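What follows is a single structure, written as structure tokens, with notes after it.
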Protein chains: 2
Amino acid sequence: MASDTDTGSMSTDSFDSLAFDVFSRACPSRSTLEHVTGRWGGLTIGALYEESLRFNELRRRVDGVSEKMLSQTLHALERDGLVLREAQPVNPPRVDYELTPFGREVAEKLLGLIHCVEGRMDEVLASRARYDEARGGR
Amino acid sequence: MASDTDTGSMSTDSFDSLAFDVFSRACPSRSTLEHVTGRWGGLTIGALYEESLRFNELRRRVDGVSEKMLSQTLHALERDGLVLREAQPVNPPRVDYELTPFGREVAEKLLGLIHCVEGRMDEVLASRARYDEARGGR
DNA sequence: CTGTATCCCCCAGGATACTG
DNA sequence: CAGTATCCTGGGGGATACAG
């Protein structure tokens, strides 16, 4: 693990002058973005945005995730400073996961995206129907 | 292709009462979200947000994408109604890709996320350093 | 309960060649 | 230029067993 080839430089660009090197493979933010938008990252963050959860609660909440992937995802997010892991030294062990302030900020942006897409799903579905009919025979 | 198992129902939830079934595997918006946030989807949309581009221009812009993946990505985005494909019947062929209004909206949300992360990359890097040092020996 | 270690399968996706 | 078709490999990720 910790195999990212990240170097420490990136551009601080404005919204209008988009010259960021996210397009470059070597951009360090690309890996974080991948953790956030990855298959399980987004769902995990979404779940934690509602409330702080324990490992198996998360596992139940995020439909379809395996122990291994949840573990990996959580580690990546914790490493990036999006998730805080709080282990209580009790028996049986109890570990709570919660979003950091940064994590919450990212979660909100992510939710903005999700809502944007969900609110337009009828359009999407219609577009898909059109597309499939046009070249559906083939 | 067009192998999504999407059914046409989803929840229209508010930002506060998050009861969306995005967490469910069967949620139709999940596939669109995957197209948008996928490895190449986001970068492609980001590139097209700046300007309308042709196939090979895109290929050069999005560092590391293969012909096959760009083609696939573009088809998925076009099908979902995010990208408009305009083929001019000239020789040699010329095809321009541009974002639809919906595509631009999604792009903006996406850029919001990207900027949020990029603007905090120093934190991320610091967090990673801390994390790696803590359990770096292992 | 909270994970880590292992095995292994499958397909995302890269390389290459070819067509219109 | 704008793609499609084919082949092939790496690693994403599931299942299971095990450990603290």
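Below, each value reflects all heavy atoms present in this structure, side chains not excepted, and no hydrogens, waters or symmetry copies. Below, chain A is the first sequence line, B the second, and so on; all start at residue 1. This structure is a prediction, so every number in the text was calculated from the model and none was measured.
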(message) With a 4.0 Å limit, can you tell me whether A/Arg39 has a side-chain N or O closer than that to the phosphate oxygens OP1/OP2 of D/dG11?
(response) no
Restricting both atoms to N or O, compile the protein contacts to nucleotides 2-4 of chain C shorter than 3.5 Å, with distance only.
{"from": "C/dT2", "atom 1": "OP1", "to": "A/Arg54", "atom 2": "NE", "distance (Å)": "2.9"}
{"from": "C/dT2", "atom 1": "OP1", "to": "A/Arg54", "atom 2": "NH2", "distance (Å)": "3.2"}
{"from": "C/dT2", "atom 1": "OP2", "to": "A/Asn56", "atom 2": "N", "distance (Å)": "3.2"}
{"from": "C/dT2", "atom 1": "OP2", "to": "A/Asn56", "atom 2": "ND2", "distance (Å)": "3.0"}
{"from": "C/dG3", "atom 1": "OP1", "to": "A/Arg85", "atom 2": "NH1", "distance (Å)": "2.1"}
{"from": "C/dG3", "atom 1": "OP1", "to": "A/Tyr97", "atom 2": "OH", "distance (Å)": "3.4"}
{"from": "C/dG3", "atom 1": "OP2", "to": "A/Tyr97", "atom 2": "OH", "distance (Å)": "2.6"}
{"from": "C/dT4", "atom 1": "OP1", "to": "A/His75", "atom 2": "NE2", "distance (Å)": "3.0"}
{"from": "C/dT4", "atom 1": "OP2", "to": "A/Ser71", "atom 2": "OG", "distance (Å)": "2.5"}
{"from": "C/dT4", "atom 1": "O4", "to": "A/Glu67", "atom 2": "OE1", "distance (Å)": "3.0"}

(request) Specify the closest pair of heavy atoms between A/Cys116 and B/Val106, including all atoms of both residues, with the distance to one decimal. (result) SG-CG2, 4.0 Å
(message) For B/Asp96, give me all partners under side chain to side chain donor-acceptor pair (under 3.5 Å), at least two apart in sequence or on another chain.
(response) B/Gln88, B/Arg94
(message) Without decimals, in angstroms, what is the distance between B/Arg59 CZ and D/dA2 C1'?
(response) 11 Å
(request) Only counting residues at least two apart or in another chain, list the ones meeting salt bridge (Lys or Arg N to Asp or Glu O under 4.0 Å) with B/Glu105. (result) A/Arg120
(message) Suppose we screen for side-chain contact (heavy atoms from CB on, under 4.5 Å). Which residues come up paired with B/Glu57, at least two apart in sequence or across chains?
(response) B/Leu53, B/Arg54, B/Arg60
(request) Calculate the interatomic distance between A/Leu43 atom CG and D/dG13 atom P; express it in whole Å. (result) 12 Å
(request) Go through the structure and list residues passing side-chain contact (heavy atoms from CB on, under 4.5 Å) with A/Leu77, not counting sequence neighbours. (result) A/His35, A/Thr44, A/Ile45, A/Thr73, A/Leu82, A/Val83
(request) Output all residues satisfying salt bridge (Lys or Arg N to Asp or Glu O under 4.0 Å) with A/Arg85, sequence neighbours left out; order by chain, then residue number. (result) none
(request) Rounded to the nearest angstrom, tell me the gap between atom CG in B/Leu70 and atom C1' in C/dA15. (result) 16 Å
(request) Return the angle between end axes of the helix from C/dC1-D/dG20 to C/dG20-D/dC1, with five pairs used per end and rounding to 10°. (result) 50°
(request) Using side-chain contact (heavy atoms from CB on, under 4.5 Å) as the criterion, list what pairs up with A/Arg59, not counting sequence neighbours. (result) A/Phe55, A/Asn56, A/Val65, A/Glu67, A/Leu70
(request) Whole angstrom is fine here: how far is it from CD in A/Glu34 over to P in D/dG12? (result) 10 Å
(request) Using side-chain contact (heavy atoms from CB on, under 4.5 Å) as the criterion, list what pairs up with B/Ser127, not counting sequence neighbours. (result) B/Arg130
(request) Round to a whole Å and report the spacing from CE of A/Met69 to C1' of C/dC10. (result) 15 Å
